[in-house]
Amino acid sequence: MHTRTIAELSALLHEGAVSAEELAQALLERIQRLDGDLNAFITVTAEEALAQAREADRRLRSGEATPLTGIPIAHKDIFCTRGVRTSCGSRMLDPFVAPYDATVVERLAAAGAVSLGKTNMDEFAMGSSNETSYYGPVRNPWDPERVPGGSSGGSAAAVAARLVPGATGTDTGGSIRQPAALTGITGLKPTYGRVSRWGMVAFASSLDQAGPMARTAEDCALLLQAMAGFDPRDSTCVDRPVPDYRAALAGEGDLKGLRIGVPREWLEEGLDGKVRACVERALQVYRDLGAEVREVRLPNAHLAVPVYYVLAPAEASSNLARYDGVRYGHRCQDPRDLTDLYKRSRAEGFGPEVKRRIMIGTYVLSAGYYDAYYLKAQQVRRLIAQDFRRAFQEVDLLAGPTSPTTAFRLGERLDDPVTMYLSDIYTIAVNLAGLPGLSHPAGFVDGLPVGLQLVGDYFEEARLLEAAHRFQQATDWHRRVPPGCA
Amino acid sequence: MNLDRSSVERIAHLARLALAEEDVPRYVRDLSRILDLVERMGAVDTRGVEPMAHPLDIPQRLRPDEVTEEDRREELLGLAPQAEAGHFLVPKVID
Amino acid sequence: MEWEAVIGLEIHVQLATRSKVFSGASTRYGAPPNTQACAIDLGLPGVLPVLNEEAVRMAVKFGLAIEAEIARRSVFARKHYFYPDLPKGYQISQYELPIVRHGHVTLHLEDGTAKRVGITRAHLEEDAGKSVHEGFGGLTGIDLNRAGTPLLEIVSEPDLRTPQEAAAYMRKIHTLVRYLGICDGNLQEGNFRCDANVSVRPVGQEAFGTRTEIKNVNSFRFIEKAIAYEIERQIDILEAGGRVVQETRLYDAAKGETRPMRSKEEAEDYRYFPDPDLLPLVLDEAFIEGVRATLPELPDAKRARFMEQYGLSAYEAGILTGERALADYYEQVVEAAGGEAKLAANWVLSELLGALNKEGLDIERCPLPAGHLGGMLRRIQDGTISGKIAKEVFEAMWRGEGDADAVIEAKGLRQITDPEAIGRIVDQVLAQHPQQLEQYRAGKDKLFGFFVGQVMKATRGRANPQQVNEILRRKLQG
């Protein structure tokens, strides 16, 4: 049962071949058995899940069900959940239980999905390896000595290890796509503004976007269908109809007429040779499906990481100023005075990577440095976005590697923030521009999964999903199961 | 960009982060390296380029002036490390 | 050396919206602590702001009233500092691109001159909460009910030169925001707060001296005193060869002096940047014109019209138009009085304001309807009552005993104007006082007043005084 996709489970649930409660029970047992080593979950909500599952069974019987009714999922612990701890992977929020649900949580619950718990993540979504979590690192199901990527590493590992068929993630600079690539699953970061950010703990507000993580593009389509849509509580959420994503995937088909651009800059220095070869084989699959694959240029691509490490920390330093030990969250023992309360609560509550980013952000916004760093970065951000606009005048999609390497070893880059930051070299520009991006399994290198990143024009999620779905109809990389997870 | 120790301490104070004495050299090194990375963008000519604050070029939406929130004080104060008589409590504040 | 002060004011006006500027929590004053502070106001994780349309309308209304530029595009920015009454660690404000720029108001000073004062900008921002220092032992309590209340911060040019001008400017803005209905203007409740930037320089010098900022002066009287003290203090320092330190100071009303604010000792670095949770505020012509259509007649225009239309002095018109409600009241009195504008002004300015003042009421809570007062003035005009009797009628109406006609009827205060009736009473009075009559006729003219008094006494003041005079004079001569 646990190897089934959401689409398959949905059919079984609607046929009555399995009940939501049985399904939830089975996966909860699996989590119980396997997650001790994996550490993909911070909180497992068995009781709530079974109650939701029983309600889903009632809806299934009464014919009020949606395709997600009774489907077990997990939420990245960045989404607020009423009555259940939302830690964001941080000691700062270890004691925090939100008095509201995030819109994403609310919408998936309304569709009948059954949440089994909250998944592990890099602290405040800052990281590319899931090693910055207060709750310890997550292990990659393909090799427990390796990282699953981050920051949505817990969701990625849970889906890859078949603990849940789908999960939510968030992506600020690659946090859905990079762990999806490193764990061999499919993950979609939608267009900025497609999914509400209400109730999602903010890292960098102009870059953060929630999206689905699952094993197939089809499952991502089903999850996105429920997640996307206008929310009056988020000023940056776009009021625009949500297309029928699954309809775009109907039947068997090819990709004749689809123009795919491969940015030359994404195949240059920094890219592992074997990963490159794997990506090129995947591009051949697209050609075989009828797509036209050609080279395009993104001349400012190399600036994405520098720009990102100004803008994201700047916004983060501001967004994280609210964690002061006054109204909620961690407070130090016996503060001498107000300044001591602030400084020690924050020093104890945040880990080293979060502190580094807060300090970088504080620095680039401070008097005398704003123009040289922050304003400059915003200008280069526009140049990067303009590169994409030009590219999309020539092609329908962009394709390339999601990550320059396969999963690296635990601890390997922990001491070297800059090398860690370069893990997201291909994904970051997509957030800066606000475009939708998807990573799907494209093959293996030395037994470790490789992801292919597809990038679409604004609000072209359906086109991304369709291309990935056709690829998955022609390949079986997404069906490979990590050792010990079958 | 080489940050010095006093700059790191100034930034940490501005951000209200206590830094352990022995951690300062590490932050000096890491932050300097990150700034070296970001300074690569300094070489680009951005004259006349409009700064981009948001991915989408859409205006702010306005909300009708209606009271939609009810009193949830007990629940919200319940989140606080220290609260009393309807107030959040902090060490003495001086004006 | 002769010194000149340079003063600029920053006034924080709480906008009279029902809900907060970025959340749906109520802005009602006086609720129990933290009962009107929702998750957004508290800055909980994952919450987001959405802008209140009415706050924007009110800001635009103010901008139009001061003939300012209304920004077609303005941007919200975050201003960072750590303070327990500031939940998010930043205040959402406007920095580089405020909604209102380059306006002005005209002050009508007591010496009869007019002075134009520039307004650099007015921007929207959110208010902070309150710290409560008493009642928590050695700790401070935080009440966030006020956090997120919309504020319009109005920044003047450094055009003011004296404490009196500063106070006049503060009153002017107060009058204006009350006219516009965008602020309750209650200084005690803190809906109208003022910071003053003060520096001095030798007369004739162009460059500004070092300034200090006096925070949170919430009274017209205190602003004048605080600035006067501060000017004095700075001159003393400079004349003694010292230097003024740029700093933030507080006014201690009890001691009548300013002192440095301890919490502001270190230089601030607010790290402003555009709030990524909010998009640029874009206003089109239709929105702005829609707001313009709701503008009332403004104080200066009303003042000029009162002088022109009602023949009032600048002083009278100034007071009557100082509050929109008072001006409206006055005009209702004039209408009910059949156009007796001057008489109406006299009664409103002396009797009515006196009575309100005595009972500590403002015009909105005036127990006497304007129609009643106007109706009474009509009865003075048509001779039904005398001006003197009118005071008795006024008091009865004030006590709620009905309109003028009802009071006159109930108390029998109708003026006696029948010459024969008055003649009979005069005859009686003369008959009752033969001795005085004799003295009068012997040349003691002063006794005329005595007879008038007796007649009025006999009629309980109701006899028409002119007729009494005429008839008495005729009969005494007779």
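Residue numbers begin at 1 in each chain, while the letters A, B, ... track the order of the sequences.
Within the 4.5 Å cutoff, the side chain of K355(A) has no heavy atoms near those of the R346(A) side chain. For the pair L56(B) and T236(A), the minimum side-chain heavy-atom distance is 4.5 Å or more. Side-chain contact between F388(A) and L298(A) is present, with heavy atoms from C-beta onward closer than 4.5 Å. Contact check for V97(A) versus Y328(A): no side-chain heavy atoms found under the 4.5 Å cut-off.
For chain B, the nearby part of F96(A) is the side chain; its heavy atoms alone come within less than 4.5 Å. Both the backbone and the side chain of I11(B) have a heavy atom closer than 4.5 Å to some heavy atom of chain A. For R63(B), no part lies under 4.5 angstrom from a heavy atom of chain A. There is no contact between L311(A) and chain B, counting heavy-atom distances below 4.5 Å. P95(A) does not touch chain B: none of its heavy atoms, backbone or side chain, sits under 4.5 Å away. Only the side chain of S366(A) comes within less than 4.5 Å of a heavy atom of chain B; its backbone N, CA, C and O stay farther away. For D324(A), no part sits under 4.5 Å from any heavy atom of chain B, backbone or side chain. Using a 4.5 Å cut-off between heavy atoms, D234(A) contacts chain B through its backbone alone, with no side-chain atom that close. For L338(A), the parts lying near chain B are the backbone and the side chain together; criterion is any non-hydrogen pair under 4.5 Å. Interface remark: Y421(A) contributes side-chain atoms only to the contact with chain B (heavy atom separation under 4.5 Å). Interface residue P352(A): backbone and side-chain heavy atoms are both found under 4.5 Å from chain B. Using a 4.5 Å cut-off between heavy atoms, L19(B) contacts chain A through its side chain alone, with no backbone atom that close. With a 4.5 angstrom heavy-atom cutoff, A385(A) touches chain B only via side-chain atoms. Using a 4.5 Å cut-off between heavy atoms, A98(A) makes no contact with chain B at all. Both the backbone and the side chain of E50(B) come within contact range of chain A, each with at least one heavy atom under 4.5 Å from a heavy atom of that chain. Contact of P99(A) with chain B is made through backbone and side chain together, with heavy-atom distances under 4.5 Å.
Counting heavy-atom pairs closer than 4.5 Å to chain B, the top-ranked of the candidates I360(A), N431(A), V380(A), V310(A) is I360(A). Contact tally against chain A (heavy-atom pairs below 4.5 Å) for E75(B), Q82(B), K92(B): the top residue is E75(B). Among T46(B), L62(B), I34(B), the residue with the largest count of heavy-atom pairs under 4.5 Å with chain A is T46(B). Among the candidates V8(B), V90(B), L77(B), I58(B), the residue making the largest number of heavy-atom pairs closer than 4.5 Å to chain A is V90(B). Ranked by heavy-atom pairs under 4.5 Å with chain B, the first of S317(A), G361(A), A372(A), A377(A) is A377(A). Your options are R72(B), M52(B), R16(B), and the one with the most heavy-atom pairs under 4.5 Å with chain A is M52(B). Your options are L37(B), L79(B), V44(B), and the one with the most heavy-atom pairs under 4.5 Å with chain A is L79(B). With respect to chain A, the highest number of heavy-atom pairs below 4.5 Å among R26(B), M41(B), H54(B) belongs to M41(B).
For the pair E265(A) (side chain) and A301(A) (backbone), a donor-acceptor distance under 3.5 Å is absent. Side chain of T86(A) to backbone of T81(A): a donor-acceptor contact under 3.5 angstrom is found. Remark: the backbone N or O of Q333(A) is paired with a side-chain donor or acceptor of R344(A) at under 3.5 angstrom.
Under the 30°/60° scheme for interplanar angles, the aromatic rings of Y100(A) and W198(A) are found to be tilted.
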- Task: Run the numbers on S206(A) and R381(A) for side chain to side chain donor-acceptor pair (under 3.5 Å), then give the verdict.
- Result: CA-CA 12 Å; S206(A) 80; R381(A) 180 181 191 176; 3.0 Å; yes

- Message: Does Y373(A) form a ring pair (Phe, Tyr, Trp, His ring centres under 6.0 Å) with Y363(A)? I'd like the steps, not just the answer.
- Response: CA-CA 9 Å; Y373(A) 289 105; Y363(A) 180 73; 5.7 Å; yes

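You'll find the ring centres of F124(A) and F350(A) inside the 6.0 Å limit.
Ionic pairing of E21(B) and R5(B) is present here: one or more N-O contacts between side-chain nitrogen and carboxylate oxygen are shorter than 4.0 angstrom. A salt bridge links R47(B) with D45(B); the closest basic N to acidic carboxylate O contact falls under 4.0 Å.
With 3.5 Å as the limit, one finds a donor-acceptor pair spanning the side chains of D208(A) and T172(A).
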